[in-house]
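Because the structure is predicted, anything quoted here is derived from the model rather than measured.
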Amino acid sequence: SWFAEFAKPSAGCSSKLISSTATQVQFQMSCPNSSGELKGPAKVSVQASTFTIDSQLAIDLGGVPFPINRSVTARRIGECY
């Protein structure tokens with residue numbers, strides 16, 4: 001889905017759909033990089049004029065998970081031409 005593509009922090013990430021409803025999509029994300037794998041849950045919530053992307057990703061740094069949380073909210077401001 002384009003929701004998962006939009007929520008990915010980089011093009012090299014993959015996602016697996018966990019659940020979806022009319023207003024929310026949840027998936028598990030995995031992003032390999034040179035420091036280790038960044039992974040965790042993400043969700044996209046859609047309302048009448050806004051949508052929100054929330055992700056709670058983490059990377060394992062020597063046995064200690066380092067969290068990287070992100071929340072983005074966007075709203076519709078007019079017609080696209």
Which atom pair, heavy atoms only, marks the closest approach of S20 to L17?
-> CB-CD1, 4.4 Å
Shortest non-hydrogen separation from K8 to S15 and the atoms involved = CE-OG, 3.9 Å
Check whether any side-chain heavy atom of F27 lies under 4.5 Å from a side-chain heavy atom of V44, and answer yes or no.
-> yes
How would you list all residue pairs meeting disulfide (SG to SG under 2.5 Å) that involve residues 37-70, not counting sequence neighbours?
->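 Not a single pair qualifies under disulfide (SG to SG under 2.5 Å).
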Kindly state each residue pair satisfying disulfide (SG to SG under 2.5 Å) with at least one member in residues 9-66, sequence neighbours excluded.
-> C13-C31
Summary of side chain to side chain donor-acceptor pair (under 3.5 Å) pairs that have at least one residue in residues 52-68, sequence neighbours excluded | T52-T73, D54-S71
Identify whether [X] and [Y] are in the same connected component of the hydrophobic contact network (ILVMFWY, side-chain heavy atoms under 4.5 Å).
X   : Y   : answer
L61 : L57 : yes
V25 : I18 : no
I53 : I68 : yes

Once you round to the nearest 0.5 Å, how far does [atom1] of [X] lie from [atom2] of [Y]?
X   : Y   : atom1 : atom2 : value
S45 : K43 : OG    : NZ    : 5.0 Å
S14 : E37 : OG    : CD    : 7.5 Å
S49 : R75 : OG    : CZ    : 8.0 Å

